[in-house]
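Okay, structure first, notes after.
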Amino acid sequence: MGENTDNFSFLEPNTIAVVGASNDPQKRGYQAIERLKQDGFPLSKIYPINPKNSEICGLKAYASVLDVGEAIDLALVCTPAKTVPQVVEDCGKVGIPCCVVVSAGFAEEGDIGKAIENAMLENAKKSNVRIIGPNTNGMFNTHKNVNLLGLDNVPKGKVGIISQSGNILLSLVNEAVINGNVGFSTFIGVGNQSDLNISDYVEALCEDEYTACIFIYAEGFKDGKKFLSTVKKAVSKKPVMLYKSGRTQQGQIAASSHTGALAADYKMTHDVLRQAGVTVLDKTANMACIADALIKCPKANGRRVAVLTDGGGHGTITVDSLVREGMELAELSDQTVKKLQAILPPTANTMNPVDVCGQTDRDATPSAQCVEILLQDPNIDIVLITGMWGGFHIRFSSDMLESEIKAANAIIDCAQKYNKPVLMQSLYTPEQAQPLMILREGGIPIYMHVETCVFAAKAVANYSADCKKLAKEKEYNTLNKVPKVQSLIDTVYQEKRTALLEHEGRDFLRHHNISMTNEFVIENESQINSLPEEITKQTVAVKLLSEDILHKSEAKGVFLNVKGKDEIREAYKHILQNAKSYNHDARILGVMVVPMLESGVEVILGAYRDESFGPVVMFGLGGVFVEVFEDVAFRSVPVSPIEAKAMINQIHASALLHGARNTKPIDEDALTELIFSISAIMQTYPEIKEIDLNPVIVRDDGLDIADVRIILG
């Protein structure tokens, strides 16, 4: 595993005890031993444990691990749940560092099972034994010939899998066998994660010399904050892919009932995982093709793609797909165009996409020349080859095989020389043609469909950008707590309130250098006469102040475009009447009078504490639109200025912010600073459960916050 992962050395064991070994082919205790034998694990290092048999699967059996008398690196535990606490204690007595507990009947089964699981954990901690599971389907390490699942035909390779589902593993293995483009190094079924969890396994596989890419299937995260921190470190060393189930409300319910996992909102989870550099998959079927590209391709300097094709149709489809996936069609330099024109016929298209127009129908070698010319261009970050490549000898003449093999080797050489990603889509992929196999072995990912090839290229570009971004980010310290703000929070608690009144929230933000317009609190009607002329001469908003009515608009507690003392007085009376009608028992302080704001683009900025990922910031289109379109972006705290800008540009309505239809672009710096400030506030004040600024009016010369809501935990 590596010098920094001595604590996880049990994932590559040299000796294994199978507790609950059996001669029954239907039992895991039989299947695991037979698979170990068939895969070539040393027979003398397998210790079947069963008190009723002296021999199992042709090997000497022992009544207990206490009777073996040899050092054991790992124990596979297949006995009923009620026996596991004692088994774990026995393992600790003889120094076995880890138990893979495949037994079910623990916390996932209710209170009785939870009590058994707690007893198991107590014994494990006393004995310094680590637990994989319980309720896991097992683990394998193909490079050590350790397969504790009894699973056939697992292709050896460089993808490490961490999964909350055994069936997902079967699906991935079957797909890999069929497509033949990736294999697996290690698999860990996490089970209930009562001890070791997903973050621990990411840490282990990050240091594993046999694992070049990590894939995670997760239904939820018991400690999302720890996971984000761990995976950020891992991404700097190797790609991490993840498929998160529970993407719909129904799916979240299913995930929870399956393993008791904590399932968070999918949109939020997706965004915070991407923030950490995780390649988030929308289909498990994409795992193999994306892993193939991430393992084989060097990092890309950018998203500019050149397309080389032998047919107009494939070229057009590729361009459409690139644009749809947010990639850029590279603009070829004049020098590149001239070089292409020198080797291609006049009918060829030497702009991007480059169409050789039949030039390779008789001789494939010009294809390699074109690839090298494109790779030499500094305007190009990635090259995609599409069409019949590798199958010309099948389509036209078997005499072309030699030139295709020559071209394949030349493409491999120049891809390595210029250290840029080269990916290929070939309609002859299913044929497993020799030139394609040479390309694949030489590090060129090959796909049947254009869309898959483009998606893989996007994953390479994203991962490359993520590594650059994470390398630039620094740690952002919390703010210094302001005594007046802490005193305000203490007062709210003393008054047994859960929310700051709006004028208190506005004052809170001012103390942290967030600009706010002046507000005036009216607790009784007579105070209206004392309002300064500066406020009575302008148009104002009059808003309810009640600790029991946070949603003022629902209670008809907001009057807009009010002007003069008489109108303010009428608004005051109506607001109090409406509030009492809405909630007769509501405690009402009075109203707040605040100047109406200049028009601009309405956005929402919020923050809350997710029970798994901790404090999270949200940004989106504001006002009523946030609920209608749900066009929002999330980030885990702390949010760097880089991520704050990314949030602004992520939402689909970002065009409205950047000057659509001849409007002026917003002050992006001011909005970025506000997002950064709200993140820092959430980091500094753990008492805050939720912040809601909606709407924030953003203009070309700054912004104003129209409504403030701060909830304490």
Point to revise | Any residue meeting side chain to side chain contact (heavy atoms under 4.5 Å, CB included) with Ser398, in chain and number order, not counting sequence neighbours | key: none
Review point. Among all residues two or more places apart in sequence or in another chain, which pass the ring-ring contact (aromatic ring centres under 6.0 Å, His included) test with Tyr428?
Key: none
Point to revise | Verdict with supporting geometry, Leu374 and Leu340, side-chain contact (heavy atoms from CB on, under 4.5 Å) | key: CA-CA 9 Å; Leu374 294 173; Leu340 291 170; 4.3 Å; yes
Check your understanding: Any side-chain heavy-atom pair from Pro421 and Leu423 closer than 4.5 angstrom?
Key -> yes
Exercise for review: Answer whether the closest heavy-atom distance between the side chains of Cys370 and Leu344 falls below 4.5 Å.
Suggested key: yes
Review point. Are Lys664 and Asp701 close enough for a salt bridge, meaning some N to O gap below 4.0 Å?
Key: no
Point to revise | Qualifying salt bridge (charged side-chain N to carboxylate O under 4.0 Å, His left out) pairs with a residue from residues 373-402, counting only residues at least two apart or across chains | key: Arg304-Asp381
Point to revise | Side-chain ion pair, Asp271 and Lys267, N-O less than 4.0 Å | key: yes
Point to revise | With Ser321 via side-chain hydrogen bond (donor to acceptor under 3.5 Å, both in side chains) - residues at least two apart | key: none
Check your understanding: Are a donor atom and an acceptor atom from the side chains of Thr365 and Asp363 found within less than 3.5 Å of each other?
Key -> yes
Practice item. Given side-chain hydrogen bond (donor to acceptor under 3.5 Å, both in side chains), test Tyr217 with Ser245 step by step and report yes or no. Key: CA-CA 8 Å; Tyr217 170 81; Ser245 64; 3.2 Å; yes
Practice item. Answer yes or no: does atom CD of Gln335 have more than 12 heavy-atom neighbours from other residues, nucleotides or ligands under 6.0 Å? Key: no
Check your understanding: If we only count heavy atoms from C-beta on, is the Met241 to Leu294 side-chain gap below 4.5 Å?
Key -> yes
Revision key, fill the gap. Applying side chain to side chain contact (heavy atoms under 4.5 Å, CB included) to Thr230 and not counting sequence neighbours gives Ser199, Val202, Glu203, Lys226
Review point. With side chains defined as the heavy atoms from C-beta onward, is the minimum distance between Asp152 and Val154 less than 4.5 Å?
Key: no
Show me the side-chain donor-acceptor pairs of residues 441-461 shorter than 3.5 Å, one per line, residues at least two apart or across chains.
{"residue": "Tyr447", "atom": "OH", "partner": "Cys289", "partner atom": "O", "Å": "2.7"}
{"residue": "Lys458", "atom": "NZ", "partner": "Glu325", "partner atom": "OE1", "Å": "3.0"}

Review point. Which pairs count as ring-ring contact (aromatic ring centres under 6.0 Å, His included) when at least one residue sits in residues 166-187, sequence neighbours excluded?
Key: Phe140-Phe187
Exercise for review: Name all pairs fulfilling the salt bridge (charged side-chain N to carboxylate O under 4.0 Å, His left out) condition that reach into residues 640-649, sequence neighbours left out, sorted by first residue then second.
Suggested key: Lys469-Glu643, Arg635-Glu643, Lys645-Glu668, Lys645-Asp669
Practice item. Would you give the length of the straight line joining atom CG of Leu375 to atom SG of Cys414, rounded to the nearest 0.5 angstrom? Key: 5.0 Å
Check your understanding: What distance separates Ile666 CD1 from Leu656 CG, expressed to the nearest 0.5 Å?
Key -> 10.0 Å
Practice item. Taking the side chain as every heavy atom from C-beta outward, state whether Met647 and Val617 have any atom pair closer than 4.5 Å. Key: yes
Exercise for review: Assess the side chains of Gln275 and Lys232: does a donor N or O sit below 3.5 Å from an acceptor N or O?
Suggested key: no
Check your understanding: Side-chain contact, heavy-atom cut-off 4.5 Å: Val272 with Met268?
Key -> yes
Review point. Partners of Asn145 by side-chain hydrogen bond (donor to acceptor under 3.5 Å, both in side chains), sequence neighbours excluded?
Key: none
**Study point:** Approximate separation, where rounding is to 0.5 Å, of Lys296 NZ and Leu439 CG
**Key:** 9.5 Å
**Study point:** side chain to side chain contact (heavy atoms under 4.5 Å, CB included) involving Lys417 - partner list, sequence neighbours excluded
**Key:** Glu372
Practice item. Give the minimum heavy-atom separation between Pro155 and Val182, together with the two atoms involved. Key: CG-O, 4.0 Å
Check your understanding: CD/Glu331 to OG1/Thr336 distance, rounded to the nearest 0.5 angstrom?
Key -> 11.0 Å
Review point. What distance separates Asp292 CG from Cys213 SG, expressed to the nearest 0.5 Å?
Key: 10.0 Å
**Study point:** Passing option when Phe619 is tested against Leu674, Val603, Val639 for side-chain contact (heavy atoms from CB on, under 4.5 Å)
**Key:** Val603
**Study point:** Heavy-atom closest pair, residues Tyr266 and Leu281
**Key:** OH-O, 4.4 Å
**Study point:** Verdict with supporting geometry, Asn286 and Asp282, side-chain hydrogen bond (donor to acceptor under 3.5 Å, both in side chains)
**Key:** CA-CA 8 Å; Asn286 286 335; Asp282 60 353; 3.2 Å; yes
Check your understanding: Could you state the interatomic distance from OG1 (Thr269) to CZ (Phe221), rounded to the nearest 0.5 Å?
Key -> 7.0 Å
Check your understanding: Hey, mind stepping through Val305 and Leu329 against side-chain contact (heavy atoms from CB on, under 4.5 Å) and telling me if it holds?
Key -> CA-CA 5 Å; Val305 181; Leu329 198 63; 5.6 Å; no
Practice item. Take Val637 and Phe613 through the test side-chain contact (heavy atoms from CB on, under 4.5 Å) and record every step on the way to the result. Key: CA-CA 9 Å; Val637 170; Phe613 291 108; over 6 Å; no
Practice item. Could you tell me which non-hydrogen atom of Leu470 sits nearest to which non-hydrogen atom of Val235, and how far apart they are? Key: CD1-CG1, 3.9 Å
Check your understanding: Around atom NZ of Lys156, are there more than 12 heavy atoms of other residues, nucleotides or ligands at under 6.0 Å?
Key -> yes
Check your understanding: Can you list the residues that meet the side chain to side chain contact (heavy atoms under 4.5 Å, CB included) rule with Lys144, with sequence neighbours excluded?
Key -> Glu12, Asn14, Asn141, Val146
Review point. Leu205 versus Thr186: any side-chain heavy-atom pair under 4.5 Å?
Key: yes
Check your understanding: What is the minimum heavy-atom distance between Met139 and Ile188, and which atoms define it?
Key -> CB-CA, 4.2 Å
Exercise for review: List the steps and the verdict of side-chain contact (heavy atoms from CB on, under 4.5 Å) for Met287 and Val159.
Suggested key: CA-CA 10 Å; Met287 188 284 293; Val159 179; 4.2 Å; yes
Would you mind writing out the side-chain donor-acceptor pairs for residues 404-413 within the sub-3.5 Å range, not counting sequence neighbours?
{"residue": "Glu404", "atom": "OE1", "partner": "Phe392", "partner atom": "N", "Å": "3.2"}
{"residue": "Glu404", "atom": "OE1", "partner": "His393", "partner atom": "N", "Å": "2.7"}
{"residue": "Glu404", "atom": "OE1", "partner": "His393", "partner atom": "ND1", "Å": "2.5"}
{"residue": "Glu404", "atom": "OE2", "partner": "Gly390", "partner atom": "N", "Å": "3.0"}
{"residue": "Glu404", "atom": "OE2", "partner": "Gly391", "partner atom": "N", "Å": "3.1"}
{"residue": "Glu404", "atom": "OE2", "partner": "Phe392", "partner atom": "N", "Å": "3.2"}
{"residue": "Asn409", "atom": "ND2", "partner": "Ile405", "partner atom": "O", "Å": "3.1"}

Point to revise | Minimal non-hydrogen separation, Thr350 against Leu332, with atom names | key: O-CD1, 3.5 Å
Revision key, fill the gap. Heavy-atom closest pair (Leu242 atom, Lys244 atom, distance to 0.1 Å) is CD2-N, 3.6 Å
Exercise for review: Using only heavy-atom distances, determine whether the side chains of His658 and Asn649 contain a donor-acceptor pair under 3.5 Å.
Suggested key: yes
Check your understanding: Between Ile648 and Ser654, is any pair of side-chain heavy atoms under 4.5 Å apart?
Key -> no
